[in-house]
Each structure stands twice: as structure tokens, then as C-alpha cells.
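Chain letters run A, B, ... following the sequence lines, proteins first and then strands; every chain starts at 1.
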Amino acid sequence: MIRKVLVANRGEIAVRVMRSCRELGLITVGVYSEADRKAMHIRYADEAYLIGPAPSRESYLNIDNIIEAAKKSGADAIHPGYGFLSENAAFSERCKQEGIIFIGPSAHSISTMGDKITARQTMTNAGVPVVPGTEKIRDEQQALEFAHQVGVPIMIKASAGGGGKGMRLVKDMDDLLPSFRTAKSEALNAFGDDSVYIEKYIESPHHIEFQILADRHGNVIHLFERECSIQRRHQKVIEETPSPLMTPELREEMGKFAVAATKAVNYEGAGTIEFIVSDSLEYYFLEMNTRLQVEHPVTERVVGVDLVKEQINIANGLPLAMKQEDLKQTGHAIQCRIYAEDPDHNFIPHPGVVTHITVPLGLGVRYDGYVYEGYEIPMHYDPLISKLISWGKTRAESIARMRRALYEYKITGVKTNIKFLEKIMDVPDFIEGRYNTHFIENNSDRLLSPKLCGTECEDMAIIACFIDYLDKIEKVQPQKFTEEFASTWKDFGRKRSVLRL
Amino acid sequence: MIRKVLVANRGEIAVRVMRSCRELGLITVGVYSEADRKAMHIRYADEAYLIGPAPSRESYLNIDNIIEAAKKSGADAIHPGYGFLSENAAFSERCKQEGIIFIGPSAHSISTMGDKITARQTMTNAGVPVVPGTEKIRDEQQALEFAHQVGVPIMIKASAGGGGKGMRLVKDMDDLLPSFRTAKSEALNAFGDDSVYIEKYIESPHHIEFQILADRHGNVIHLFERECSIQRRHQKVIEETPSPLMTPELREEMGKFAVAATKAVNYEGAGTIEFIVSDSLEYYFLEMNTRLQVEHPVTERVVGVDLVKEQINIANGLPLAMKQEDLKQTGHAIQCRIYAEDPDHNFIPHPGVVTHITVPLGLGVRYDGYVYEGYEIPMHYDPLISKLISWGKTRAESIARMRRALYEYKITGVKTNIKFLEKIMDVPDFIEGRYNTHFIENNSDRLLSPKLCGTECEDMAIIACFIDYLDKIEKVQPQKFTEEFASTWKDFGRKRSVLRL
Amino acid sequence: MAYEIKLEHRNAQIEVLNRAGNKVVIAVDDRKYELDIVMVEKGVYSILYNGHSYNIELIEGETSKEYIVNTFARSFEAEIIDAETKYQQSRKLGTDAEGDNDISSPMPGKVVKIPVKVGDPVVSGQTLIVVEAMKMQSEFKATADRTVREILVSEGDTVNAHQVMMKLEESA
Amino acid sequence: MAYEIKLEHRNAQIEVLNRAGNKVVIAVDDRKYELDIVMVEKGVYSILYNGHSYNIELIEGETSKEYIVNTFARSFEAEIIDAETKYQQSRKLGTDAEGDNDISSPMPGKVVKIPVKVGDPVVSGQTLIVVEAMKMQSEFKATADRTVREILVSEGDTVNAHQVMMKLEESA
């Protein structure tokens, strides 16, 4: 049985994983780069080891250094969190070789699902619907043939890709070949591999994913869906469950496919099956995330499970404690991702020192974060500061509660997207649950316009500055300039006596 | 419909009530005494009015001043929270006369339940079991007769009383008359009324209460029980739901009596029916609390309702949205009360300035508090700083999570009972759910012994002090004393330029 | 004594008429406020005015006269204007074009690419320098046709917020 | 330079042997620690020693040499002992009985009752003064037979923590 867990990550997810470890009575080991000596996960951990300089590839992505820390600390398991090495097949394999339990799937599962074309093929064989598309395109002739067969719009994607790089949307048949060539050259630059494939493009797509859990004994369950369509440049911003789009029948059907997809790769652990869903509720397998997702808390709240504890139980070889029929969605949960970024200036990331923070609390609010007052958010890593999760009996209550939580949430020192998120809570399309992945784009005027602060509100801002300024000069300015020189020496004496050295 | 709510309270409950108001889109009005200008509920409220000097009877208990603030602000409803005027029949009546909605029961319900003897009589008439006992005792002869009839132990209680004053436990028949006389004289001193009554004393009592909701249309439901037996000197410290003592049959039976008790006084609003339960599961009505309880969050978490919102809906004349058969307990919740007190010195209250605070967060933890860094907890009011509520799928998970939350919770500047509570989480009787109201007394040796900090731990404490001290003198001590005088003038110039005045 | 405060677009006259502890009578332009203002936490003010409860958060800017002010609704930049500030502003006005020719980053980051060199002519919209922070790259572009006069950083360098990285000049 | 630190019951010798930034080599009594210590928040230290992560919170006491130290397990009072402290302690020792004769409250509160008057003889266990804070009354009692020499507060007064409220003396 696992006794000591090294968490090979940083930020909110490292703290979140350690919390569950602590509840299970496990010893936690943190690892940190030179930029992270003061990071919360190091303060939180029972033990801590330095694994290299600030850049991720020399620390959080350095497999040798992490394995060394695990051995030095005597950790018997490693939790990778999300990002960094969490979907790295070589890391999973290396842990196995070193006799350390990797809390996640096998190298085989990761690589099968990591290559999009292999994944598509595996899903097709398992009977899971996939977006009509090709394997690696051999030549321009094949690209033209497929395009004519399914019709525009189509999407060209890099086989090795992700995050929007090497992607090209083609709406007009004439653009096909030029876009095809650009995509290949981008793919080569970004991933060192110019393979691309083509898929039918879903015009008003919804991004809906299913959480799954699979144990070593062949038991697989799904924990229902998460709606992740509120995105900005392919970055999720808000997630919720249940999805406003979902019907009970569709949920059951998609859930069955999610379980089938998981079984097709002999998966073990927690994972996510992502689907793309059209407005008319046609759905297709998109990809599998072979790790914990950033948005896992909404599922935890509505289904009532601790997914990290489930991961650890599975890694311990235990059978799942729950059966599909035991699971039920209760109420509604929404997650907002709080980023250190400046929405007024094209969402440019904004590292810096957090000078003051007020965390939203109370009934139905969960806060997963890692920054504290005086902490300097480093420039080297992700701008995610925290995740705010609201629960309500109904979707309407969950939205009202999120609006209240965002109102309470205050961070000064770095710019954040809090007010941007607040505005989303007031957009009718969001309130009514009528949205797809174009939501932010479609509502950008409204979302980027400043909130009104009338004359009285402005005057209060001016007054606060002025009073602060007056009190500040009061403190440093001597009563009379001429007395200054003489009194300074006395002041020094006074200061000494106050400190009673 | 209510549009603007004045919250006639302070501390965590004022903030908690305002949170729900905000979620409902209602405007909140705070009131404050002169000691509370910087209190969180005033920062949180949309509007704020001064209602008098620091002592409660001149501010938070001053009905005229509160009504005046309500009128000035145009509030159409008043939420009394708990304590202060929440169970004051005259206040409920006054609100009615002034055309302001009192979010709570009528004066009639409050006074019926406020007088213990009338309450007993009402319950007996409604068929609710009460502890065998008398009405107001006429004379010593009647006291003797009753004592002989039910046998010792018996308890003498003040009719107008509460909080342990005017109470006397009689274990030996010879002590009856002396105790009777002392109780009467104590009651006269404390409440201006020397009426007492006698009840059979339950030896190993459990304190179990049922949450009820009743609307204006005669609908009454209960939201299951709360176990409140972890008490110190009649002050609740830890509450949980479900009660480890409860069986489904007992729950249904007691729930029915709770509903009957509520109906017997034509109650409207949220309330609590308190029972005393013996080890052998005999139960008796104890009293009704005609307000929100401090421990209401455990019910909210397990049943999935916002009790303040329900109170407001009821006050708006709406029928209850839930039926008894819709309600279900999901998982297990525990609440710890965090007090500013010093467990090492007889739990003496400890007001003062909070210099640093780290709030526990994450999955399954709710934090209801009101203090912040730099806030001075005033000496005039209750020592309750905050309430920590943990939820788990099982009672064991809920305890593990509470232990984790208490570990994370750090307050410096004032003494608190956090470590005392942490120790309770490790007591076998608590973990196994085998406890009654004598728990703290029975385990006091263990609960009051300091936790171990070994040599290395002590050395780290010493090292931190030393490094802090060295860095502190470094800052104020000049490099060389002789250079001091000359450099001071330069320093002043430097300081000015840094401030760029 | 009356001061002037600049709140983004607006210049306001402000004067304290009376002050006793928290209680302040203060004039902003032609409006007079009697209010209760108190610092509750470092940089956080609670103002009670006419029954309303306002929370204002301040962060000091690069000088003690500059602030970022957060109100419930939005965030402003503010500056106390005194004689010194006015003098500096008038000086600045004369050399405004020069300010535009300094390329600086609003956030700390790492210089990942400098696709130009000293002496290069650049056209409006051309990328001058690429800075990476938090896994996102930002391109800084010329806003007019200019010549690169000086490059103050190298690829791989870490830069602070507002650090000048490159200077341009009008093409000869 | 070696210092002495008192941690409740214990007196420890402490000396910094080497220090470079966070990295400190330090001797406590006969144990040598190579560790990494950094203040992460005001008064909050993170120490990494031998892989272990310690969090220590400090609150300065009434003088800059006194601390309340919170470790995970428990809270201590600590004091830096230097020549000055030693001198004061030796002075204090001689007058120890006098210290015991000062009645002060450990917490702020309000004096609600003083059931004795100056000149009264009091016996051990007798209540001298009742202070109320947070709705709870605390009775301060004589720990030995004494006479009331001086009463420094009145009923209704507010007292600060550690303020001396009454002085006793040995009965004649």
C-alpha cells in the first residue's frame, strides 16, 4: 500500500493532491524549482526537494531529477497532477522500471491515446463514433478527395499537435491547398513532424467530456459529463455539470461510449473522454485525457467523490468502491478559472507580487488556489491562480452563488480575469444555457466593456487615494524642516529604545 | 416581496446571512456598534448604519435604534441572525407594528416556546414526549413528592432560565431541599423570577435536535437531526449530522414529533426542536429554538439547502418548495466552532488583534468566519471566530477532512481552541461515534495535554526566532556606530527620494 | 489646501474641509461629502457615505503619488498632481515623441526573440521583440516607421515590468 | 557570536556558523543543522531541513527579544537572552515575590467587580477582582495571604492585556 506520495507538480493542483493525501494519512513530498522555494506546495508538503532551475524542462519536466527526489525521500508513489509529465508515457514507464507506483495509466494507454490518429483508429474499432476524417494525409490529392467527399467546412490538424498549433479551418474549397501547406509547415516547426490529418468541422460545437474511473480489475464507471464550451482561444475558462445541453437519454448513451472507449485501451485510473457535440446533439469522440483534468472539481461536487482518493485507491490495486448504478448527480456545479492576465490588454499574462487577497467563502463555494499575500507569481509557469467552484440546488442558484463569490474575490497586485468572469455570469445566453464554443467571441463586446462606476463611485476612489496620500506624507514629513537635522539623532535613539535591543 | 434586508447582528452570522441575500439579489443593510466600525459585516454590506455604543444592550439589543436604522435605510425586512434579538418576542411584535417583515416567527410562537413551562405543556398536549417533570413548583412539599415519585437523579431548573443558571442536579434525596432553595435564589438573581420546576435527570444524555421549516400555509417539514453532544460547560463545540446514535426508524419517529411540535405553536420560519436522548434511545422534548442555529451549516451541507434563503422565502409568504419525501441526507457533515479562547488557561476568552490567518480550503471544506488580518476582535461580544464545516461521503472521511482542515487553519495574535479541536478528532470515542454530553469531561486529560514537539521541532522553533531576531537587528543597527551620525542625514534624504514626494 | 487628482480621463479638484478621526468633510470638484473613512487592512479603505458602504483597494504605483484604485465596478489609475508633477508633465509633453520610441514590456518576462538589429529601419506593425511570460509569447511592434537606435536587452534576458528594452528614432 | 535562547523550560546555545542567502549552517547546543530558511509571509518562516518542510510562525512579544512561536505541534514562549536580559533577570530574581503580588489580566476586558478595598487583608483563594471579556467573567484570586496595597482600576474600567490592576503586599 502507498505510504508516501511525491507530487511531481506545482501550483493549485499540487496543493489539492496533497490535501487528499493528508486526509488519507499519507506522507507528502513536494518538489520545487529554484523559482518555487516560497511556493505554497512546498510550505504544505511534509517533505520537499529541489529538482532544478526555474525553466520547466530543467525541473518539473526533468524525469531524472524527479526520480532522484523520489528515491531520496523514499516515496513509493508519484502523482503527476495535470500538465508537465502527467501524460508522458516515458515517465510512466520509468516509474514502473524504478519500482515506484505511477498514479496514472500505463505507458501503453498514454501513448495509444496520445497519438490522435491511433486514438481515432482504436475508437473506431471499439464502435465509438468519431468525427468523419482521415488518417495521416499522404498527399494533396488525398486531401482534395476527402474534402469533396464530406464538404466544407473542414479542419486540418497536426497529428502530433495540440493547443491550436498546426490547425487550419477551411471554409472555402479554394483555400484547401494553401491551408494544407501552411498547416504542414507549422506542424513541422512546432512538433518536428509535418504529419497532418483532416476532419469534418462541426460548426457550432459544444465541448462535452465524461469523467471515467477504471480499476485494475476491469471495472469501469463514468461520473457523468462536464460542459466545457466556454473557451477563449481553445483555453477553457468556465466548466459546469450537468451540461445545459444534456438529456438523460443522451447522457446514458454517451456515458456508455465513454466506458467503451476506456475499456478499448485497458485503461487504469482516472481519465476523461472528450466529445464534440453539435447543436443538433450529434456527438463524436474527440480525444482522451489520460490524467486528472483542471475542471475535475465540478464532478467531485455533484457526484460526491474525491477523485484524487479514487486515483490513489486504484493505484493501490483496490477495486472501485462504487458501481455505475450507485452514482447520481445532485444539484449543479460551475467552475471559473482565475488567471493572472489582463483582459483589457489582450489577456496578456501578468506575473507579479500578490499584495492583498480576499478569498470567497461560505455555503456552496469551493476555492482551490495556491497564492498568498506577499507571494510573487513567477513568470515561468501557467497563469492559473485558482479555481472557484460554486454549487447550487439548481443551475440558477449555482450561477447566483458564483456571481456572489466573484464579487467577494479580490486580488490586488496582479491583474486577473475576475471581472471578466463576473460579466459572463450576467450574459443572457449563459444564464439560459444557450452557448457553444463561440460564446466568448460572440459576446466579446459586452464582456470587454468596462463596468460602470458613476460619479459618486469615482469620487470615492479619488477620496481614498487622497486620504491615503495625506496620511502617508504625514508620516514621513517632519513637522518643521528646520528642526529635522537636530531631531534625526533623537529619532534614532527612540527607535532603538522601542526595539529594546 | 422583500427587496432590502437589514441584518440585526454582527460577526460570522451577519456575513453569512448577507451572502444568501446577495445571491437572491437583495440589498443588504448592516448595523454596527461603535466597536464594530471595521467589522467585516460592515465591509460586506451594501449599506451600513451606526446603532450605538459598544455594549450590546445599547446597540445590538437596542430595538429603537435598530428600527430607526431600518426606516432610514428603507429596509423592508429584518433578519435577526442568532443570539441578540433573535428570540425576543417584543422585537418580532415591534417589527410587525412598524410594517417591517421580521424574518422569523411571530411574537406568539417565540413567547410560547420561550417559557419552558408553557412549552412543556404545549408539547404534552400535542402528544410529544417530554422529560417527566413538574410545572412551576408551588412549595417544598410538592418538590419532595415529585422527587419520591420519579426517584433521583433529578434536575431543578429556572422557568425563565437558560445557559445553566439557576440549575441544580440532585443525586441524593437529602440534598433536595438545600438545592431547591439555592436554585430559587439564583434564579431570582439572574432572571428576576424565582420560579423553578423539576425534571427527571437523564444520566448519559445525548443532545439531538431536528431542523424544521414551516411556511404560512401550514406546511411543515423536518430536515433531519443534528448531534450536538460535544459540549463544554453547556456550550456546544462540535456538531454533526447524521448522528452516530440514530437509526432510520428513530429518525422517522423523532422527525414526526418535531413536525407535530412545530405545528402545535403555529410556527412560521426555520426552527429547531431539541431532544434529550438517553443511551438506550429514550427521547424527550427539551426545548424549541425559534431561530437559525449556530450549527445550521451541517444540515445545509447534507440536505443540500440554503436555510437562510428558505427563511426569506417563508417570510415572503411563499409555500415551501420541498416536500418531506424529497429530502435525503447525503454523506456526513461535521462542524467545529473556533473560539478566541485559551484552552491552556481554563478557556479564558482571548480578544485581540489577528496578526496572521491561513484559512483551510479545498474539497469538502466550508469556512464561515468574519475576522481578517489586522482585525481586532473586540472584547464586548461572543468569542466565536469562525465555524469550520467538513463534508465526507462517510463519517470517517468527514473526520479525516476536518483533521486536515484544522491542520491547515492557522491564526496568530489571539489564542484559539484549534489544537484542542484537532485532538478531539483523534479520540477513539469520537472516531467510533460513542459519546454523550460528558465526552469532553471524560477525555479532558487527553484533550488538555500538549502535543509533542521533539528536539528537532523545538530546535526549528529556536532557529526561526534567532534568524528573525538577527535580521531585525541587522535592519536597525548601523554598520558602524561612529558613522551613524553622519549617515543619518543622508538616510533621510534617501528616504525622501524613495517616496518621491 | 486643494489638490488636483487625475483619475484616468478626469482631473478632479479635492480639498479636505474638516477631519476628526474617521469623520471627514471633503470637497471633490463642486460636490461636498461628509463621510466616514477608515483603513481596515493595509491599502484597503472602508468608506461609509450617506448609508452606503464602499470598499476601495489601493496599490501604490511606481511613485508615492501614483495609485491603482480598485472599486467594486472597475479599476483605475490615479495620480496626485502637485507642482512637481505639473512641472514634470510639462517637460514630458515637449518630449512626448521620445516616450513613444521606447519599447518596454508591461509585465515581467523573458526575451525570446529580437528579429531586428541596431540601425535597421522598421515599418509600423513590424515585430521588434518577442517576450515570453507564463508560457505565452507577446510581440511588441513598431507603431510608426522608425529606425532601431539602441537595443538594451539580449535574447534569453529576463526583463522587469516597464523596463525599456529598445529605443527607436525617427528615420533620417 | 553565540547567543542563548530560552524556549519555555529549555535554555539553548545557538550560533550561526555560516550563512549565504537562505542557506544557513547553525548550531543549536551540540547539534549542527544545514538548512534552508526563508520568511514567506510576515512572521511566517519556511524551513527545509534534511528534506523535511517545517512551518514556523512568530509573533513578537512585548519586546523585540520575546516571541510566541507556533510550530505544527504546539505553541511556545521564547526569549533571546543577552547580557541585558541576564542582568534584568538577576534583578528580577531578587524581587520575585513582588512580581507575584501584582494582579494583572492576561486578556483585555472590563472590570465588573472589585470586592476588596485598599488595606483589606485577603486570604489565599479569595477573589480580588472580576474582569469580563466576551460575555465571560474571570475571577482573579489571591494566591497567598496578603494585604491589598493599591487598587489601580475602578469598576467599569477597560483594561489592556497584562495591565496591572491591583498590588498586594505581605501582611504586616
Side-chain angles (χ1 to χ4, degrees), chain B residues 4-7 10 14-15 18 21-22 26-51 65-66 68-75 353-357 359 370-378 413 494-501, chain C residues 1 3-6 19-25 33-73 77-89 91-92 160 162:
Chain B
K4 192 186 246 192
V5 178
L6 182 147
V7 181
R10 65 178 305 283
V15 176
M18 288 180 193
C21 290
R22 182 167 288 281
L26 307 177
I27 303 167
T28 54
V29 181
V31 291
Y32 64 104
S33 77
E34 281 165 6
D36 270 346
R37 171 64 184 90
K38 294 184 176 186
M40 185 51 93
H41 71 286
I42 292 312
R43 297 173 58 184
Y44 197 91
D46 295 306
E47 304 183 11
Y49 291 89
L50 182 68
I51 49 163
N65 291 3
I66 290 171
E68 195 193 326
K71 298 200 147 182
K72 226 191 281 175
S73 66
V353 177
V354 175
T355 53
H356 189 254
I357 181 164
V359 163
Y370 79 106
V371 309
Y372 55 87
E373 279 184 22
Y375 177 69
E376 180 168 2
I377 302 176
R494 246 198 312 273
K495 205 192 275 171
R496 288 196 83 200
S497 85
V498 168
L499 277 158
R500 288 179 224 187
L501 288 173
Chain C
M1 189 171 59
Y3 278 72
E4 200 175 317
I5 295 189
K6 185 164 175 285
R19 188 171 181 187
N22 299 343
K23 302 294 192 328
V24 177
V25 183
Y33 295 101
E34 289 193 39
L35 44 79
D36 180 325
I37 178 166
V38 61
M39 196 201 273
V40 285
E41 293 183 74
K42 191 166 163 25
V44 183
Y45 283 86
S46 163
I47 302 182
L48 300 183
Y49 168 64
N50 199 14
H52 291 271
S53 172
Y54 287 92
N55 296 285
I56 312 280
E57 302 204 342
L58 305 180
I59 317 163
E60 203 170 284
E62 290 188 64
T63 75
S64 68
K65 284 183 282 200
E66 288 173 10
Y67 289 100
I68 308 282
V69 200
N70 295 336
T71 66
F72 159 58
E77 291 185 6
E79 190 178 2
I80 317 285
I81 312 284
D82 57 10
E84 190 195 344
T85 316
K86 277 190 181 153
Y87 169 70
Q88 285 175 347
Q89 278 178 340
R91 262 185 64 212
K92 221 177 185 174
N160 297 322
H162 308 297

Legend entry - Smallest separation among heavy atoms of C:Asn50 and B:Tyr49, with atom names: O-OH, 4.3 Å

Inset, instruction - State, to 0.1 Å, how close C:Ser53 and B:Ala45 come at their nearest heavy-atom pair, and which atoms those are. - result: CB-O, 3.2 Å

Legend entry - Flag, side chain of B:Arg37 to backbone of C:Asn22, donor-acceptor distance under 3.5 Å: no

Legend entry - Proximity breakdown for C:Ile80 and chain B, heavy-atom pairs closer than 4.5 Å: neither

Legend entry - Residue selection (most heavy-atom pairs with chain C, distance under 4.5 Å) from B:Lys38, B:Glu373, B:Arg43: B:Arg43

Inset, instruction - Working to the nearest 0.5 Å, report the span between OH of C:Tyr49 and CD of B:Glu47. - result: 13.0 Å

Inset, instruction - Working to the nearest 0.5 Å, report the span between CG of C:Leu48 and CD1 of B:Ile42. - result: 7.0 Å

Legend entry - Note, B:Tyr372 side chain near C:Val40 side chain (heavy atom, < 4.5 Å): yes

